[in-house]
Amino acid sequence: MKCVESLGKREFTLDEVYAFERHLGELYPGNQNVRPKIRQQLQYLRNRGFLDFVSRGSYRLRS
């Protein structure tokens, strides 16, 4: 969620979140599947009501 919030905008794309891949890989060196984990966490945030899925690869923060 911190990565999403640091984008500083309400609507964002999966590619924009993928830009954090290197940073997250450094934070979690044991995780060899960073991109799948990013997608999993976006689904988790969506299911918990923090995000809305807009279209393929596009998300919106709920207010």
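Given the structure is predicted, the values throughout are model-derived calculations rather than measurements.
Here Arg35 pairs with Glu21 under the salt bridge (Lys or Arg N to Asp or Glu O under 4.0 Å) rule; sequence neighbours left out. Partners of Gln41 according to the side chain to side chain donor-acceptor pair (under 3.5 Å) rule, which considers only residues two or more places apart in sequence or in another chain, do not exist here.
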N/O donor-acceptor pairs under 3.5 Å from side chains in residues 46-53, not counting sequence neighbours:
from, atom 1, to, atom 2, distance (Å)
Asn47, ND2, Gln43, O, 3.4
Arg48, NE, Tyr44, OH, 3.4
Asp52, OD1, Arg62, NE, 2.7
Asp52, OD1, Arg62, NH2, 2.8
Asp52, OD2, Arg62, NE, 3.4

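Checking side-chain atoms of Arg10 against main-chain N and O of Leu61 turns up a donor-acceptor pair under 3.5 Å.
Between Phe12 and Val17, the closest side-chain pair of non-hydrogen atoms falls below 4.5 Å. The side-chain heavy atoms of Phe20 and Ile38, taken from C-beta on, include no pair separated by under 4.5 Å.
Note that CG of Leu42 is 10.0 Å distant from CE of Met1, once rounded to the nearest 0.5 Å.
In terms of heavy-atom proximity, Leu24 sits nearest to Cys3 at CD2-SG, 4.0 Å. Between Glu16 and Glu11, the shortest heavy-atom contact is OE1-O, 4.4 Å.
Under a hydrophobic clustering in which Ile, Leu, Val, Met, Phe, Trp and Tyr are joined whenever their side-chain heavy atoms come within less than 4.5 Å, directly or via other members, Val54 and Val4 fall into different clusters.
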